[in-house]
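Here the structure is a predicted model, which is why all the values come from computation and not from measurement. Residue indices begin at 1 and follow the sequence shown.
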Amino acid sequence: MTPHTGPGAVVDAVAELQLADLQLAELHTSLSSPISDSMNFLNEVAQRYPDAISLAAGRPYEGFLEIEAVTRHIETYRAHLRERYGHDEAQVRRTMLQYGRTKGIIHDLVARHLAVDEGITADPESIVVTVGCQEALYLTLRALRRTERDVLLAVVPSYVGLTGAAQLADMRVLPVRTSDEGIDFDHLAAVVARAKADGLRPRGCYVVADFANPTGTSLDLDTRERLLRAAEEHDFLILEDNPYGFFGDGSAPLPTLKALDRTQRVVYLGSFAKTGMPGARVGYVVADQWVAGPGGGRSRLADQLAKIKSMLTVNTSPVAQAVIGGKLLEHDCSLRAANAREIRVYRDNLRMVLDGLAARFPQGSRPAVTWNVPRGGFFVVLTLPFVAGDDLLEESALRHGVLWTPMHHFYGDGRPRREIRLSVSHLTPEEITEGLDRLAAFARAQAAPVTEVAR
């Protein structure tokens, strides 16, 4: 019998050698977590229902984004480099277009910005410029997690990206309850004590002190000071994430935890996504803690984070950094000044949403919907008379044309709750009005069966 030859035989042979399906259970454990699906699910829902008004996305307002600003900022930063390098065009070109310094090329401007806007004194060498704040967060967790004993404290509900980054770093997160002050300190002490009794080492506590995502909560001055004392007492670092701090109600801003930090307990995580340009994807971390080496030498924690970054993203795009650097230079390194228009939009949008909710869900009316009243930021949390999970989000989008975020995504356990998050940041007044009308119609329709059963 003549063996089968020709193209068909090759295809058959390849088919026999085809790799069997990879098994999810054999891939990294983070991929099996509910958190790993959260970002993708929320993005895909918006894409599936493009006509729905999104009260879900925490994106910056797009009305002031300009393509022309990109080239202008780059030229501003180029002129800055030209002056620095004595008009050595080759060095200017190399700095902006070649592989760059791992810790970044705008670290000096970031330090000036922190001094001008936040009252934070930071050595430029303690700053690592990152690919968005998410990389800054991951680098910090990856450095702090030595063994499975190392754990992270986090006030819940918390930013989805925190839980996701911790999972990628194989770092367990111990939830700490929130309170009217923003942190339940009794619960914090109990969690730390229980962790140490179990042989664990709480290395840090993640917190957003100003207008947190998702709750909009801010810590008052006494709470900030108390948290710093708790970090010293229990010997952990504070990971302070501050993407929304500029967007308050006009009252005097409180000092950041880092500005209050006198013992280098705070690792400060910053982002230019909301205040610079979201598409640039530039963030940073201030890690000025000292690290003792085996030979008695010392280095900054920032230097250790740079080692990890060199094996992860190598360096942050110098072109993207030039965009942010140019914007900083054009406003004397004050992003509060640079964001004057955006601050007004976010403040007006928040007030319009809060007033709109009061008009549509007056006290004592049905359905009984309540909400918190943040002093700034992007988010408001609604408490509903029914459980609101991903299934209801789909129904809300399909039947009522409005999107919101189920709060279970911020607890990391996949258990739906009676709470949803609304975002006020990127909408126009007309979209807010229509979006709240649609949300009210959804809430009434969903609560009707609950009311009938109650009767």
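Using modelled atom types, one finds a donor on one side chain and an acceptor on the other under 3.5 Å when comparing D249 with S251. Residues N242 and Y268 have side chains that bring a donor and an acceptor to within less than 3.5 angstrom of each other. Residues T263 and E232 have side chains that bring a donor and an acceptor to within less than 3.5 angstrom of each other.
The NZ atom of K258 lies 10.0 Å from the CG atom of L114; values are rounded to the nearest 0.5 Å.
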Could you check H73 against E330 for side chain to side chain donor-acceptor pair (under 3.5 Å), going step by step and ending with a plain yes or no?
-> CA-CA 8 Å; H73 294 334; E330 288 172 16; 3.1 Å; yes

Kindly determine whether N339 and H331 satisfy side chain to side chain donor-acceptor pair (under 3.5 Å), including the steps that lead there.
-> CA-CA 10 Å; N339 281 268; H331 294 88; over 6 Å; no

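Distance alone, capped at 3.5 Å, is enough to place a donor-acceptor pair between the D150 side chain and the T147 backbone. Using modelled atom types, one side-chain atom of T178 and one backbone atom of G182 make a donor-acceptor pair closer than 3.5 Å. Counting only distance, with no hydrogens or angles, the side chain of S54 and the backbone of L403 share no donor-acceptor pair below 3.5 Å. Listed for the R145 side chain is no donor-acceptor partner under 3.5 Å among the backbone atoms of A143. The main-chain N or O of R146 is never found under 3.5 Å from a side-chain atom of R149 such that the two would form a donor-acceptor pair.
Under the 30°/60° scheme for interplanar angles, the aromatic rings of W404 and F442 are found to be tilted. In this pair, F64 and Y61 present their aromatic rings perpendicular. The plane angle is above 60°, beyond the 30 to 60° band. Between F246 and H113, the ring planes lie perpendicular to each other; the angle is over 60°, past the 30° to 60° tilted range.
Judged as a salt bridge (Lys or Arg N to Asp or Glu O under 4.0 Å), the pairs with a partner in residues 423-440 (not counting sequence neighbours) are, in order, R360-D437, E434-R438. Sequence neighbours left out, the pairs with a member in residues 296-310 that pass salt bridge (Lys or Arg N to Asp or Glu O under 4.0 Å) are K103-D303, E135-K309.
Taking the centre of each ring, Y244 and F379 come in below the 6.0 Å mark.
Sparse packing is recorded around CD of Q363, with 12 or fewer heavy atoms of other residues, nucleotides or ligands lying under 6.0 Å away.
In this view, L237 and L144, L239, V267, Q289 satisfy the side chain to side chain contact (heavy atoms under 4.5 Å, CB included) rule, not counting sequence neighbours.
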